[in-house]
Amino acid sequence: MLYYLLYPFHDFHTVFNVFKYITFRSFWAFMTALVLGFVVGPYLIRKLSALRVGQTIRSDGPESHQAKAGTPTMGGALILLTATLSVVLWANVKNAYVWILLLVLVGMGLVGFLDDWLKLRRGGGKGLSARQKFLLQCVVATAAASLVLQVPDFSTELWIPFFKRVHPDIGAWYIPLMVFVIVGSANAVNLTDGLDGLALGPILVAALTYGVFAYVAGHSGIADYLQIRFVRGGGEVAVFCGALLGASFAFLWYNSYPAQIFMGDVGSLALGGALGTVAVISKQELLLPIVGGIFVAETLSVILQVGSYRLRRKRIFKMAPFHHHLELKGWSEPKIVVRFWIISILLAVFAMSTLKTR
Ligand code: 57M
């Protein structure tokens, strides 16, 4: 919004030119969400505690988690609020991608909020059924995918990392692909969010990585040099990533071990869904399994565990997702979390390196 309010003044003074620059607005979107998060965070924690919006802990989890019962949850509402306000303030509000990203962030957040709220109301962790949750997520993802294909110049070519000349045009098949990526990443983050700060580390790394991808994809000169697909208007996605980064950093301040607040499904589904949407718009969705490798590994551990248990009545891990297996092997929670963050950073560095090797 500030872009439209203040950039026109550059005719009177060149200082207002800065509002044109995506790097400037991405940085201030980050700072705005960060400061808002620190200002509202403590109040929200007190409020959720007073309202007794406390996490119920399932009995079949690691024993150590029982001590977490009553931790304020649904804190993801803070991430959504601060990120959305910052995006509306600093992004180019006439850019369709910005509104599609906000649709997914808020839409997935509402699905998670409904699930969290029902768990609270019914007690004992009985939220939406898996089918209801999945269907609602697909509605949000399909709406977003359909809108992306309406954006002029959006290419339905699928760009494949490492292969510079292979980018088949998959046409309308892009819609099911986008739905798979958005719903898949939402649920992968949801599963990973099972230790204090565990999910936020990879989220921060991915938001920064995809912020860079979006910026270069939206810059025709750099996109051409790197031989990646130019996405007209794609640079604004970097402003969205900046806001997500600031909101998530501020939340991590309170979610770090020992957590004062959990994000709830309202946070994990929203962040995961938004991440998947950013990956598709910046035409780097096939790098998401690398950048979000921790999310993929955690989801795979669940699939393997459930599959093995159903087929062989035997478990592969002591418990799924994999972070619970490490807990039951005696790893401390902070050690698991920081090591997962380190792996995330290494994966992102590798993913960035593929930008040039085309
Ligand atoms: C998503 N949620 C955490 C918190 C957070 C089929 C099965 C794989 C389903 C899966 C599942 O859906 N789990 C729910 C993970 C939960 O965190 C809440 O949920 C939000 C995120 N969605 O924001 O509100 C618990 O995680 C802990 N936590 C922290 N710190 C944090 O910052 O300690 C969360 C955030 C919280 C808290 O204890 O209560 C979760 O784990 O439920 N179910 C599972 O993942 C369960 N695994 C399981 O059933 N394994 C089976 C196989 C057959 C799949 C097995 O291995 O035999 C685990 N989850 C729980 N208990 N809670 C293990 C059992």
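These values consider heavy atoms only, across backbone and side chains, with no hydrogens, waters or symmetry-generated copies.
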Check your understanding: In this structure, are over 12 heavy atoms from other groups packed under 6.0 Å from R312 atom CZ?
Key -> yes
Review point. Do E285 and Y174 come close enough that some side-chain heavy atom pair is under 4.5 Å?
Key: yes
Point to revise | Side-chain touch L89/W28, heavy atoms, less than 4.5 angstrom | key: no
**Study point:** F38 atom CZ, over 12 foreign heavy atoms within 6.0 Å
**Key:** yes
Review point. Do you know the tightest heavy-atom contact between S248 and I79?
Key: OG-CG2, 4.4 Å
**Study point:** Joint cluster assignment, V106 & M108, ILVMFWY side-chain distance < 4.5 Å
**Key:** no
Check your understanding: Does K283 make a cation-pi contact with F154 (under 6.0 Å, within 45 degrees of the axis)?
Key -> yes
Review point. Any chance CZ of R229 has more than 12 other-residue heavy atoms, nucleotides or ligands included, within less than 6.0 Å?
Key: yes
Review point. Is it true that a side-chain atom of E298 and a backbone atom of F322 form a donor plus acceptor pair closer than 3.5 Å?
Key: yes
Review point. What is the ring orientation for F27 with F30, classed by angle as parallel under 30°, tilted 30 to 60°, or perpendicular over 60°?
Key: tilted
Practice item. Mark yes or no for whether E236, through its side chain, and N92, through its backbone, hold a donor-acceptor pair below 3.5 Å. Key: yes
Review point. Should we say atom CZ of F134 is surrounded by more than 12 heavy atoms from elsewhere, each under 6.0 Å from it?
Key: no
Check your understanding: Do you know the tightest heavy-atom contact between A33 and S86?
Key -> N-OG, 3.7 Å
Check your understanding: Is there side-chain contact between T299 and N187, with at least one heavy-atom pair below 4.5 Å?
Key -> no
Revision key, fill the gap. Scanning both residues in full, the closest heavy-atom pair of T156 with L149 reads CG2-CG, 4.2 Å
Check your understanding: Going by atom types only, do E327 and H65 share a side-chain donor-acceptor pair under 3.5 Å?
Key -> yes
Review point. In terms of ring plane angle, is the pair F16 and F19 parallel, tilted or perpendicular, where the classes change at 30° and 60°?
Key: parallel
Practice item. Give, for atom CG of L48 and atom OG1 of T71, the distance between the pair rounded to the nearest 0.5 Å. Key: 11.5 Å
Study note, to complete from the structure: Only residue of H323, R339, H325 satisfying side-chain contact (heavy atoms from CB on, under 4.5 Å) with W331 is R339
Practice item. Would you kindly check if the NZ (Lys) or CZ (Arg) of R25 is within the cone defined by 45 degrees around the ring axis of Y21 and under 6.0 Å from the six-membered ring centre? Key: no
Point to revise | R122 side chain vs G127 backbone, donor-acceptor pair below 3.5 Å | key: yes
Review point. When the ring planes of H167 and W159 are compared, do they come out parallel, tilted or perpendicular, using 30° and 60° as the limits?
Key: parallel
Check your understanding: Going only through I, L, V, M, F, W and Y residues with side-chain contacts under 4.5 Å, is there a path from I342 to V349?
Key -> no
Point to revise | Non-hydrogen side-chain atoms of M74 and L120 separated by less than 4.5 Å | key: yes
**Study point:** Heavy-atom side-chain proximity of N17 to Y7 below 4.5 angstrom
**Key:** yes
Side-chain polar contacts of residues 256-264 - donor-acceptor pairs under 3.5 angstrom, sequence neighbours left out - could you list them?
| unit_1 | atom_1 | unit_2 | atom_2 | d |
| --- | --- | --- | --- | --- |
| S256 | OG | L252 | O | 3.2 |
| S256 | OG | W253 | O | 3.2 |

Review point. Is there a path from L177 to F213 through hydrophobic residues (I, L, V, M, F, W, Y) whose side chains come within less than 4.5 Å of each other?
Key: yes
Exercise for review: Keeping the roles fixed (side chain from Q55, backbone from K68), state whether a donor-acceptor pair exists under 3.5 Å.
Suggested key: no
Practice item. Assess the pair F240 and Y97: is the distance between their ring centroids shorter than 6.0 Å? Key: no
Check your understanding: Is the number of heavy atoms from other residues, nucleotides or ligands under 6.0 Å of F9 CZ greater than 12?
Key -> no
Review point. Below 4.5 Å, heavy atoms only, C-beta onward: do P202 and F295 meet side chain to side chain?
Key: yes
Review point. Between L105 and T277, is any pair of side-chain heavy atoms under 4.5 Å apart?
Key: no
Review point. Would a distance-only check, ignoring hydrogens and angles, find a side-chain to backbone donor-acceptor pair under 3.5 Å from D115 to L128?
Key: yes
Point to revise | Under 3.5 Å: donor-acceptor pair, side chain of D116, backbone of D265 | key: yes
Study note, to complete from the structure: Looking only at heavy atoms, the pair that brings Y210 and L288 closest together is OH-N, 3.0 Å
